[in-house]
Amino acid sequence: MMKAAITGVHGYVPDYVLTNAELERMVDTNDEWITSRTGIKERHILKGEGMGSSHMGAEAVRGLLAKTNTAPEEIDLLICATVTPDYVFPATANLICDMVGIRNVGSFDIQAACSGFLYALTVGTQFIESGKYKKVIVVGADKMSAITDYTDRTTCVLFGDGAGAVLLEAAEPGLGILDSIIRSDGVGQYHLFQKAGGSRYPPSHETVEKRWHYVYQDGPSVFKFAVKNMADVSAEIMQRNHLDGGDVAWLVPHQANKRIIDATANRMGIGSDKVMLNIHKYGNTTAATIPLCLFDYESRLKKGDNLVLAAFGGGFTWAAVYVKWAY
Ligand SMILES: CC(C)(COP(=O)(O)OP(=O)(O)OC[C@H]1O[C@@H](n2cnc3c(N)ncnc32)[C@H](O)[C@@H]1OP(=O)(O)O)[C@@H](O)C(=O)NCCC(=O)NCCS
């Protein structure tokens with residue numbers, strides 16, 4: 001069966017850097033607490049009137065098209081994973097296509113919180129494997145600063161803004177995206193969510209006053225589920241592909257908390273030198289963390305490297321993807 005390969009990756013973060021020192025001036029927190037509990041030192045924030053996730057997604061896609069020498073007309077489909085769409089509708093994927101000049105092809109958003117990129121990658125892969133399309137772009141883009149309450153010290157230190165994009169094409173035999181697992185369980189719905197702004201609680205004076213348009217998180221509960229499920233799904237994908245720790249060149253984990261990443265690597269029998277890590281620079285950029293990791297580490301990847309991509313997020317959702325790097 002034909003497989004899909006990632007044949008290019010590009011990332012984008014906005015210029016403004018929000019440091020732990022600046023957060024210390026905004027809420028009752030300190031660099032030592034943030035660093036030791038999360039691993040985060042700074043995050044990038046998108047400033048500017050009328051700028052949404054599409055702006056960052058389009059920057060990532062523009063860079064991707066340029067570096068892979070791909071014309072917008074060659075793209076058959078674009079999928080965007082995001083929890084911070086510019087609008088409820090139309091889809092952010094539609095807006096990104098418009099901004100970069102991709103026209104008359106399918107484009108849609110996928111929402112699976114912090115697992116969104118791996119869900120979107122899994123969906124995009126199907127169109128290559130079936131032979132329906134030749135070039136598919138998968139984007140993860142989130143402007144988390146738009147739904148972060150900068151008076152709540154338990155969440156505002158965690159999140160940042162960014163985007164990453166990959167190009168999918170048919171793989172050479174033996175390479176590419178070889179397996180994926182996507183899972184969800186609604187048991188998590190009240191532990192990590194944005195209460196208002198959807199159809200259950202549409203925006204009103206009351207929802208704004210109650211600060212229901214921001215991320216609510218019960219951190220310790222999410223932490224427990226994340227550690228267990230991200231490690232379980234990573235171990236499962238390794239087991240069913242007959243991989244042990246020594247076979248894996250890189251763990252590419254969702255960047256929510258360094259302690260969750262360490263626990264996952266431990267369970268997989270992988271040393272910290274094989275774990276992609278950029279949480280210190282960007283914080284949790286939700287759907288963008290994994291493509292931003294691939295972008296930051298691209299020059300260190302070798303054709304044939306075994307990568308395990310793993311994520312966990314609101315819902316709850318969680319996922320793992322096994323990739324044999326194609327270039
Ligand atoms: C949010 C998180 C970092 C909090 O770390 P934690 O070790 O669980 O800390 P707790 O929430 O138990 O809080 C411990 C103490 O630190 C305090 N605290 C919370 N945020 C703080 C901050 N920014 N600065 C200083 N103190 C803080 C708490 O109020 C609490 O104080 P108390 O003991 O006096 O009540 C952690 O729970 C986490 O990472 N959860 C999962 C997050 C995640 O993965 N989310 C996205 C999924 S995609």
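Just so it is clear, the values below take in all heavy atoms, side chains as well, and ignore hydrogens, waters and symmetry mates. Please read these numbers as outputs of a predicted model, since none were measured by experiment. Order of listing sets the numbers, starting from 1, for every ligand and every atom in it.
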| said: Using the rule given for side chain to side chain contact (heavy atoms under 4.5 Å, CB included), can you reason through Asn306 versus Tyr322, listing the C-alpha separation, both sets of side-chain angles and the distance that settles it, and then say yes or no? | reply: CA-CA 7 Å; Asn306 288 315; Tyr322 167 37; 2.7 Å; yes
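Tyr119 contributes a side-chain N or O that, together with a main-chain N or O of Arg183, makes up a donor-acceptor pair within less than 3.5 Å.
Residue Trp212 belongs to a hydrophobic cluster whose other members are Tyr201, with links defined by side-chain heavy atoms closer than 4.5 Å. Other members of a hydrophobic cluster containing Val17 are absent, since no ILVMFWY side chain comes under 4.5 Å of it, directly or through relayed contacts.
There is no side-chain donor-acceptor pair under 3.5 Å between Ser115 and His254.
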Starting from the N and O atoms of ligand 1, find every protein N or O within less than 3.5 Å and list the pair with its distance.
residue: ligand 1; atom: 7 (O); partner: Arg37; partner atom: NH1; Å: 2.5
residue: ligand 1; atom: 7 (O); partner: Arg259; partner atom: NH2; Å: 3.1
residue: ligand 1; atom: 9 (O); partner: Arg37; partner atom: NH1; Å: 3.3
residue: ligand 1; atom: 16 (O); partner: Trp33; partner atom: NE1; Å: 3.2
residue: ligand 1; atom: 23 (N); partner: Thr29; partner atom: OG1; Å: 3.1
residue: ligand 1; atom: 23 (N); partner: Arg153; partner atom: O; Å: 2.9
residue: ligand 1; atom: 24 (N); partner: Thr29; partner atom: OG1; Å: 2.7
residue: ligand 1; atom: 26 (N); partner: Trp33; partner atom: NE1; Å: 3.4
residue: ligand 1; atom: 26 (N); partner: Arg153; partner atom: NH1; Å: 3.4
residue: ligand 1; atom: 29 (O); partner: Arg153; partner atom: NH2; Å: 3.0
residue: ligand 1; atom: 37 (O); partner: Gly219; partner atom: O; Å: 3.2
residue: ligand 1; atom: 39 (O); partner: Asn257; partner atom: ND2; Å: 2.6
residue: ligand 1; atom: 40 (N); partner: Gly219; partner atom: O; Å: 3.1
residue: ligand 1; atom: 45 (N); partner: Gln217; partner atom: OE1; Å: 2.7

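The salt bridge (charged side-chain N to carboxylate O under 4.0 Å, His left out) pairs that include a residue from residues 131-140 are Glu74-Lys135, Lys135-Glu169, where partners are two or more places apart or lie in different chains.
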